[in-house]
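Single-structure report; data block below.
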Amino acid sequence: METLMVDRVHGSLRLFMHRNAVFLCERLCAQFPSETNVQLLATCYLHNNQPYAAYHILKGKKLPESRYLFAMSCFRMNLLREAEDTLCPVNEPNIEVPNGATGHYLLGMIYRCTGRMSAAAEQFTQALTLDPLLWAAYEELCILGVAEDADECFSEATALRLQQEHASTSALEKSNFANENRILSSSLPSSLGDIIPNQMKQLHANNTAEVPGYPHARATALRVQNSTTSNVAQFDTPSPAATQTSSIVPPPLFRNVHAYQTTISGDAPTKQKANGANQPLRRKYLDEARLKKVSGRLFNQSSDSMPRRSARLSRETTINSNSNSNLSQFGGNGTDHSSGKLRVNSSTPSKLCSTAVRSVQVRKGKPRATENFDEGSRYEVIDEMWTDNVPATSSTASTTEGRFFEQDKAERIMSQESKVAIGIRELLGLLRTLGEGFRLSCLFKCQEALEVFRKLPESQFNTGWVLCQVGKAYFELVDYLEADHYFELAHRLSPCTLDGMDIYSTVLYHLNAEMRLSYLAQELISIDRLSPQAWCAVGNCFALRKDHETALKNFQRAVQLDSRFAYAHTLCGHEYSALEDYENSLKFYRCALQVDERHYNAWYGLGVVYLRQEKFEFAEHHFRRAFQINPRSSVLMCYLGMALHSLKVDIID
């Protein structure tokens, strides 16, 4: 029950049925209250946007996975101090951060939100060291302006390390699979080796063809051939004990026509009493005295002394109703030869089949019993030779097939490893190009970033993320027409991508494209009313109409939706500055810098406010800080020059 419920919970999460997952997992924890199940329930709560519920059930848990989920819940609830104490307890300084790379990334985000940028950069670097494919960590390092070159981060040495890790992981999975197989093999019965030869021999015996006059033989063969079960016992040699437990009486088994015929006096051969499990039956070891007695009677028997057809049919009915008959016997329990059901092996040569058919016919000039005995013996000898040769032939074939299988397996493993190596190098090459372009863009080396992005293949360049990065680069270069072109392409290719749309709305603001800006704002609001980018676009639309109060309300709405969105704070500061409310303007600019100290727009806004207040030294300081972050901005260069001119300073240090 527990395994089934866990599987259904995971299935619901995969299909984004979060409410269903929460309900089933709550039932699971009520029935099986283990910490692992509690972790799964916390995961369901986080997927269902209920971090407070996950916080409640995980508080006080000590397992690494529980600590990580609890810290994630605290981070989403903005309980940053408690999240930090969970990941790095003060009283346990040597404890490892849970979940490896992702744990270090979460700790870095906590440090960044609390203003400890150097500690955050250290955690992001550690996360990237543990997992070179953790792009989010490299992205944060680029935003902080401390990322190393992408060629070093996604180097050939990294590719070799990833390849070795993949190989070790594959070897571990294969070892676990082999151990599971070994356990399964050890749980099989020890007599399996004895069962398989009997199984193969009985299967060969049951592969029969229908003979005219003996329709039941074909029906028996079809029951064996059409069987889909893999149970070994269905092909095992029947025994009296097995026959007695069956509710359906199978027909007598005959490999050749070597039956005992009824004598005139009605005497029949004695029925075998031995148990098939303790005394295996073999056809070529027969009672010689019985054979001589029966053959003597057959030679002295005349055709006129044969029982009538009605008597034979009655005896046949008696035989078929006997549920305790031995299936491995050769005779028909004293009945006439014609009462047996003939089974001819269809896999043997046609000569043998014709021999078996010929044994039921009375050849002219030759006694019937002699014909039966001679032909039956020939069939028996050839059949035994064929059966004895099966193991040798199959062993030779299996050895050859095993050799070819091993060679093919080795080739497939080498081919798979080469494909993995090529895939890792291709992925790192792509991340190298994207990472270098993004790093240069964050350093505001926009022209170099554009050159790097142009190296991307067409399929990667024509994506929303890359086109937005190209548009931002042109925006920083104050080339608003080109920025508009690439932002429009990005929005057309990926209309539901909201990242970068706040910058796009500012581009349209500078181009005085009021109608297009209004249409963009309405479109973004229809896509996601809870995104800060959408409300920034609406605010820019009203700011373009000089309705600063309405614009300010929309920007404040964006701040309310995401207090970590630095650009919304800056836009609020711009509107307060336009309304000449410099105090609130300074407040919002400083809030933006608390979120991102490299947000040069906030430094620029502070400089403008101080410049209007004729505080030229403060203005020069803030303009210089902004210029240090973005040294290629012509706008910042002009404003810094104005501040220095007001201070009567001729040389820029």
Side-chain angles (χ1 to χ4, degrees), residues 128 131-143 147-160 162-163 166 415-508 510-511 513 516-517 519-520 523-524 527-528 531 533 537 632:
L128 201 60
D131 185 5
L133 300 181
L134 188 59
W135 168 260
Y138 187 79
E139 191 176 31
E140 292 296 332
L141 288 173
C142 292
I143 293 173
E148 61 181 357
D149 292 346
D151 292 336
E152 298 180 3
C153 184
F154 307 106
S155 61
E156 187 68 22
T158 304
L160 292 175
L162 289 175
Q163 187 175 352
H166 182 273
S415 175
Q416 184 177 4
E417 290 179 353
S418 62
K419 288 181 180 179
V420 169
I422 294 173
I424 290 175
R425 286 179 172 83
E426 290 178 351
L427 176 59
L428 289 179
L430 176 61
L431 294 180
R432 193 179 302 122
T433 304
L434 293 173
E436 186 63 17
F438 187 73
R439 185 184 73 86
L440 293 173
S441 179
C442 290
L443 294 176
F444 301 101
K445 298 179 180 180
C446 301
Q447 199 62 47
E448 293 89 336
L450 290 174
E451 294 177 359
V452 173
F453 283 130
R454 291 191 183 100
K455 296 178 182 178
L456 289 169
E458 184 178 357
S459 60
Q460 292 291 334
F461 186 84
N462 292 326
T463 56
W465 187 87
V466 175
L467 291 174
C468 282
Q469 296 302 319
V470 173
K472 288 180 182 179
Y474 280 113
F475 171 76
E476 298 297 343
L477 292 173
V478 201
D479 190 347
Y480 297 131
L481 290 176
E482 284 296 317
D484 176 31
H485 170 69
Y486 283 102
F487 274 121
E488 184 181 5
L489 282 178
H491 187 60
R492 189 185 308 165
L493 286 174
S494 184
C496 294
T497 298
L498 300 180
D499 290 338
M501 292 297 102
D502 51 327
I503 304 297
Y504 183 28
S505 65
T506 303
V507 170
L508 296 177
H510 287 295
L511 292 175
R516 293 177 58 198
L517 179 56
Y519 180 77
L520 175 65
E523 198 173 15
L524 296 179
I527 292 173
D528 187 4
S531 63
Q533 295 88 347
R632 304 190 183 188

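Worth knowing before you read on, the calculation uses all heavy atoms, side chains too, and leaves out hydrogens, waters and symmetry mates.
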Taking the side chain as C-beta and beyond, is there a heavy-atom pair between [X] and [Y] under 4.5 Å?
| X | Y | answer |
| --- | --- | --- |
| H510 | V507 | no |
| L428 | L162 | yes |
| M501 | C468 | yes |

[X] to [Y] - nearest heavy-atom pair and separation:
| X | Y | value |
| --- | --- | --- |
| Q469 | S441 | OE1-OG, 4.1 Å |
| A537 | L517 | O-CD1, 4.1 Å |
| P132 | T158 | CB-CG2, 3.3 Å |
| C142 | G435 | SG-O, 4.5 Å |
| C442 | I143 | SG-N, 4.1 Å |
| I527 | P495 | CD1-O, 3.1 Å |

Could you state the interatomic distance from [atom1] ([X]) to [atom2] ([Y]), rounded to the nearest 0.5 Å?
| X | Y | atom1 | atom2 | value |
| --- | --- | --- | --- | --- |
| C153 | W135 | SG | CH2 | 9.0 Å |
| L440 | L443 | CG | CG | 6.5 Å |
| L511 | L481 | CG | CG | 5.5 Å |
| L508 | I503 | CG | CD1 | 11.5 Å |
| R432 | L427 | CZ | CG | 10.0 Å |
| L456 | L430 | CG | CG | 6.5 Å |

- side-chain hydrogen bond (donor to acceptor under 3.5 Å, both in side chains) partner of Y504, chosen from R516, K472, H491: R516
- Message: Walk me through whether L160 and R425 qualify under side chain to side chain contact (heavy atoms under 4.5 Å, CB included).
- Response: CA-CA 9 Å; L160 292 175; R425 286 179 172 83; 3.6 Å; yes
- Item | Aromatic contact, Y138 with F154 (centres under 6.0 Å) |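 They qualify: ring centres under 6.0 Å apart.
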Using distance only, find each side-chain donor-acceptor pair of residues 459-467 under 3.5 Å and give its atom names and separation, not counting sequence neighbours.
| unit_1 | atom_1 | unit_2 | atom_2 | d |
| --- | --- | --- | --- | --- |
| N462 | ND2 | E458 | O | 3.4 |
| T463 | OG1 | Q460 | O | 2.7 |

- Spell out, as yes or no, whether a donor-acceptor pair under 3.5 Å connects the side chain of E436 to the backbone of A150.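 Answer holds: yes.
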Report all side-chain donor-acceptor pairs from residues 445-453 shorter than 3.5 Å, counting only partners two or more places apart or in another chain.
| unit_1 | atom_1 | unit_2 | atom_2 | d |
| --- | --- | --- | --- | --- |
| E448 | OE1 | R632 | NH1 | 2.9 |
| E448 | OE2 | R632 | NH1 | 2.9 |
| E448 | OE2 | R632 | NH2 | 3.1 |

